[in-house]
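First the structure, in the form of structure tokens, and then the observations on it.
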Amino acid sequence: MADIDNLSIRPARRVDIPALAALFAADAIGGYGDTIEPEALPLYEAAFERIEASANDTLYVAELAGEVVGTFQTTLIVVMSGHGSTTLRVEAVQTREDMRGRGIGEKMMRHAIAQGQAIGARVVHLTSNLQRTDAHRFYKRLGFEQSHAGFKLKL
């Protein structure tokens, strides 16, 4: 595999969908039922189209030697509090399992942080599954602070 210095981070393209589905399907902790089965492809394509059509969402891939080795998604959220501030939310951060520990995740997160700075965001926000203790150490090393308790309601 190519040197990490040659890693590129770019907006995802439709041709990346199978590689993205494989990244999510390989995640044993996520529990979202992702799969590489062909019958699921239309669902991923529909999600991609919605993300691509959104002015506030961007799906990224990290590419190395022509292969997708990571992904993350950003969403801009404008709120009335904080004098109408903007938050950059980062979601679905994944690095291909065989590529972990090489700095790909850090490059992806630094890219997201730079995007937030470029648009004048007040904060970069993310959540992480409580079981992902390695990820928590990683985010703290990058300067993120654990500041809130998160809640969700499955619908």
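The shown structure was predicted, so the numbers you read here are calculated from the model rather than taken from an experiment.
- Here the closest heavy-atom approach between residue I36 and residue A22 is recorded as CG2-CA, 3.5 Å.
- Qualifying side-chain hydrogen bond (donor to acceptor under 3.5 Å, both in side chains) partners for D134, counting only residues two or more places apart in sequence or in other chains: R137.
- Listed by first then second residue, pairs satisfying side-chain hydrogen bond (donor to acceptor under 3.5 Å, both in side chains) with a partner in residues 70-83 read D57-T75, not counting sequence neighbours.
- The main-chain N or O of S8 is never found under 3.5 Å from a side-chain atom of H111 such that the two would form a donor-acceptor pair.
- Here the CZ atom belonging to R96 is positioned 8.5 Å from the CZ atom belonging to R102, to the nearest 0.5 angstrom.
- Residues T86 and I77 fail the side-chain proximity criterion, which asks for heavy atoms closer than 4.5 Å.
- Identified under the side-chain hydrogen bond (donor to acceptor under 3.5 Å, both in side chains) test for residues 10-22, with sequence neighbours left out: R10-D16, R10-E63, R14-E49.
- Applying the 6.0 Å contact sphere to CG of L76 captures more than 12 heavy atoms from other residues, nucleotides or ligands.
- Across all their heavy atoms, V90 and V93 have their closest contact at CG1-CG2, 3.6 Å.
- Ring orientation note: the planes of Y60 and F72 are close to parallel, at an angle under 30° on the 30°/60° scale.
- Using a 4.5 Å heavy-atom threshold, the side chains of M108 and T95 count as touching.
- For the pair E106/R141, a side-chain contact is recorded, criterion being any heavy-atom separation below 4.5 Å from C-beta on.
- Proximity of I4 to I104: side-chain heavy atoms (C-beta onward) are separated by under 4.5 Å at one or more points.
- For the pair F144/H136, no side-chain contact is recorded, criterion being any heavy-atom separation below 4.5 Å from C-beta on.
- Between E45 and R50 there is no side-chain heavy-atom pair separated by less than 4.5 Å.
- Grouping Ile, Leu, Val, Met, Phe, Trp and Tyr by side-chain contacts under 4.5 Å, direct or through others, leaves L43 on its own.
- Applying the side-chain hydrogen bond (donor to acceptor under 3.5 Å, both in side chains) rule to Y139 yields no partners; only residues at least two apart in sequence or on another chain are considered.
- Environment of CD in E39: crowded, with over 12 heavy atoms of neighbouring residues, nucleotides or ligands closer than 6.0 Å.
- Nearest heavy atom pair, residue L64 against residue M99, reads CD2-CE, 3.6 Å.
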Under 3.5 Å, which donor-acceptor pairs do the side chains of residues 116-127 form with other protein atoms, sequence neighbours left out?
from	atom 1	to	atom 2	distance (Å)
R122	NE	S85	OG	2.8
H125	ND1	R89	NH1	2.8

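- Hydrophobic clustering, with ILVMFWY side chains joined whenever heavy atoms are under 4.5 angstrom apart, groups V69 together with F138.
- Rounded to the nearest 0.5 angstrom, I113 CD1 and L88 CG are separated by 9.5 Å.
- Closest approach of A12 and L20 over heavy atoms only: CB-CD1, 4.2 Å.
- The CG atom of L59 sits 11.5 Å away from the CD atom of E91 when rounded to the nearest 0.5 Å.
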